[in-house]
There are 2 protein chains.
Amino acid sequence: MSPITSGRPAKPATILDVAAAAGVSRQTVTRAMNGMPGIKESTRERVQELARELGYTPSRFAKGLVQGSRTSVGLAIPDLTNPYFPAFASSVVELATRRGWQIVVDDYGHGGRSGLDAVDHLAPHVDAVIGYLGGYADQAQAALGRRPLIVLDEIPGGAAGSINFDYNQAAKLAVDHLRHTNRVRIAYLDACESRHPGLTPENQDPMVPSRVGGSGLCTVRGKAVADRLDQIRTPWSLITAEETAGAARVAAGALFQDRPETDGVLVFNDLMAAGVLKAAADAGLRVPEDCAVVGMDGIPLGELLTPELSTLALDLREVGRAAVELLDGLLAGAIAPGSDAARLTLEHRLVLRESA
Amino acid sequence: MSPITSGRPAKPATILDVAAAAGVSRQTVTRAMNGMPGIKESTRERVQELARELGYTPSRFAKGLVQGSRTSVGLAIPDLTNPYFPAFASSVVELATRRGWQIVVDDYGHGGRSGLDAVDHLAPHVDAVIGYLGGYADQAQAALGRRPLIVLDEIPGGAAGSINFDYNQAAKLAVDHLRHTNRVRIAYLDACESRHPGLTPENQDPMVPSRVGGSGLCTVRGKAVADRLDQIRTPWSLITAEETAGAARVAAGALFQDRPETDGVLVFNDLMAAGVLKAAADAGLRVPEDCAVVGMDGIPLGELLTPELSTLALDLREVGRAAVELLDGLLAGAIAPGSDAARLTLEHRLVLRESA
DNA sequence: GTTAGCTTCGTGAACGTTCACGTTCGTAGA
DNA sequence: TCTACGAACGTGAACGTTCACGAAGCTAAC
């Protein structure tokens, strides 16, 4: 008679049921279950055995209520399907687990949900949130009240903490490398309908250069790339696609057809760059001889592609570590919410493999 | 004075603090916060405003205690770095969220932790667990007591539910395809030190065929492949590697050097298959002309490789759906724990792209 | 003026656990 | 015999909510 097949599924057993069955008090059961001293060993064993038989599981709610909050952290992720995010999440989960925190995860990439929806869903169950929210920092922090929110890759707004990336530095690295290798017809493939931080109307640049179909520049990454390209007076074109490899492949295919003179492509992220590599192969272009391709993110996937992808790489484990340590400081009171110490900026480095 | 920068971080405000500040009772605050009827609209607004100012957040413990358990599901994952698992997790998270469940995730791939460690870590905080445990079904179910455990790709043991894959069918599909395309020197690359279900000593086959370095066959997938290869009397060799693309690349490199006659390679999973593709390119082999490569899993990555990877594909969203629906039935009492209805078997299909 | 009924709000109890004490019992030392 | 003390175990209170009631107060109908 296993504990699984026996019981009435009705009411779960409480500590009182175990106490009654063992003929002892609540407190003795507590002592037995939690390895506390002041209990005879034979009693402890008897109680534990009985608890097992009754299928007793201590209520996490009662326990939390009396012992004070264990730390539970929400993790809001736009899309687990993009390898960037699991790599980041993996690091966060590892370090959080090491601290004894639990991670409650929400992938809001389905069903038209937003980063704010994710935070709303997580809020009742967590003491803090870390997440790529795509532009809801203020509202999300409001939903969390005093509990710290750490936003990544987004204007911090009212968020307690933030981790950002220096896209100007990154864009300079990539653009200058393309120019130094004599690429003169450069294209930038931006993500559209992006969950990534948008440009606000006031800092959106109406003077974007010529483009090949699609809508305008819509990400801060794109803005940084555009700025750098303009700065060094290089002619360039803009294309956009949804943030998937497939969409990027189609868009880049059109680019290579419309503008065969293109000899360098900068791409919003590595996943889309993989699509561009495919499109180049489709078009019979040799990479990097005919056209260089540079991605962004530094996901492990890049090394497996053919040719291996050159990219503006982030150390994703480092990003996760920064987020967790920042949250740690915030929770411990060592870092003041919204202070400069709570605003981190990380840099990309240019990893040259085969594609550029 | 934002709510973030003001408060003493000492004691979080309770419902009584808000009630006192508003000059009303607990219950009125409850009504205001939870959108319940029977409260004047002006009172509701005043209370909500006050709650916001005080940084009041309802205690999830007190709430859970009185309202009964909201469903919180643990998700134990061996390695978020392998694209297989995020794809699966994404599906689970989506469907769980749709049901209003939360997902508490643990990636136990770091620091020498096991699937059992993951369950132990999750157990105090969840009502059920879904996971790839790598052989701890019995102990994990014991740790969970009456709460359902759903194990994937593992001998169910005492677990309430399980989802398995018909590797014999899958192996037949792949092996027969290789034979039909006249591959006569086939190699199988197995994962060693795997977190995947091991062969027990009694069903481990001591008569494995010749091998190229490494240890013996150690996964049920490998067993199925070996059985099918033996069944159709095809000479074959076995190699093993750690479950990463890099290790697979090295191992396959050695294979192509030692046994250049190899004209077909079956690989434990797609990630390792990506490494094999790299090794083939390193060795100057054309795929599939000189050597065919077939992976296993059907992760999206496969389509981005060059050549595109042929694979024994699982519909990973379907796997996630099966797990969530099975758990749903278990929690609702519609499916009996440990019953046949709680043991699902899914099948692979052979997706032929370019590599075979 | 009485009654009924609605709206608005308050109070005891309960959820299941742990904490901080108490109590009981037995044993050893004087 | 009395006292002291430790081991083993028990009891009231508290954690912060919501639920099920009950109590006001006001309005409207007769």
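Below, chain A is the first sequence line, B the second, and so on; all start at residue 1. Side-chain atoms are counted along with the backbone in the values below, which use heavy atoms only and exclude waters and symmetry mates.
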Measure from CD on A/Gln27 to P on D/dG12 and round the result to the nearest Å.
-> 13 Å
Spacing of B/Tyr56 atom OH relative to D/dG16 atom P, expressed in whole Å | 10 Å
Confirm from the modelled atom types if B/Arg31 and C/dG10 form a donor-acceptor pair under 3.5 Å, side chain to base only.
-> yes
Indicate, yes or no, whether a donor-acceptor pair under 3.5 Å links the base of D/dC19 to the side chain of B/Gln67.
-> no
Please give, in whole Å, the distance from C/dC9 P to B/Asn34 CG?
-> 16 Å
Rounded off to whole Å, could you give me the CE-to-C1' distance for the A/Met33 and D/dC9 pair?
-> 18 Å
Would you indicate what B/Met36 reaches in the nucleic acid, counting non-hydrogen atoms under 4.0 angstrom: base, sugar-phosphate, or nothing?
-> sugar-phosphate
Would you say a side-chain N or O of B/Thr43 is under 4.0 Å from OP1 or OP2 of C/dT8?
-> no
Could you check B/Glu41 against A/Thr57 and say which one's nearest nucleotide on DNA chain C is further toward the 5' end?
-> B/Glu41
State plainly whether the residues B/Glu49 and B/Arg52 are in salt-bridge range, i.e. N to O under 4.0 Å.
-> yes
Per atom distances to the B/Thr14 side chain, the nearest of D/dG16, C/dC9, C/dC19 is D/dG16
Selection from C/dT11, D/dT18, D/dG10 that lies nearest to any side-chain heavy atom of B/Lys63 = D/dT18
Salt bridge or not for B/Asp17 and B/Lys11, using N-O below 4.0 Å?
-> no
Once you round it to whole Å, what is the distance between C1' of C/dT17 and CG of B/Leu65?
-> 8 Å
Can a salt bridge be assigned to the pair A/Asp127 and B/Arg60 using a cut-off of 4.0 Å between side-chain N and carboxylate O?
-> yes
Please confirm whether A/Tyr84 and A/Tyr132 have ring centers closer than 6.0 angstrom.
-> yes
Counting just side-chain N and O atoms, does A/Thr28 come under 4.0 Å of either OP1 or OP2 of D/dG10?
-> yes
Here the distance between atom C1' of D/dA14 and atom CG of B/Leu16, to the nearest Å, is 12 Å
Figure out the CD1/P separation between A/Ile39 and C/dT18, and round it to whole Å.
-> 13 Å
Grab the two heavy atoms, one from A/Ala32 and one from A/Val47, that are nearest each other, plus how far apart they are.
-> CB-CG1, 3.6 Å
For A/Ser42, answer base if it contacts any base atom (sugar-phosphate contacts may also be present), sugar-phosphate if it contacts only those atoms, and nothing otherwise; contact means non-hydrogen atoms under 4.0 Å.
-> nothing
B/Ala62 or B/Ser25, whichever maps to the more 5' nucleotide of DNA chain C = B/Ser25
Roughly how many Å is it from CZ in B/Arg26 to C1' in D/dT18, rounded to a whole number?
-> 9 Å
Of B/Val66 and A/Lys40, whose closest DNA chain D nucleotide lies nearer the 5' terminus?
-> A/Lys40
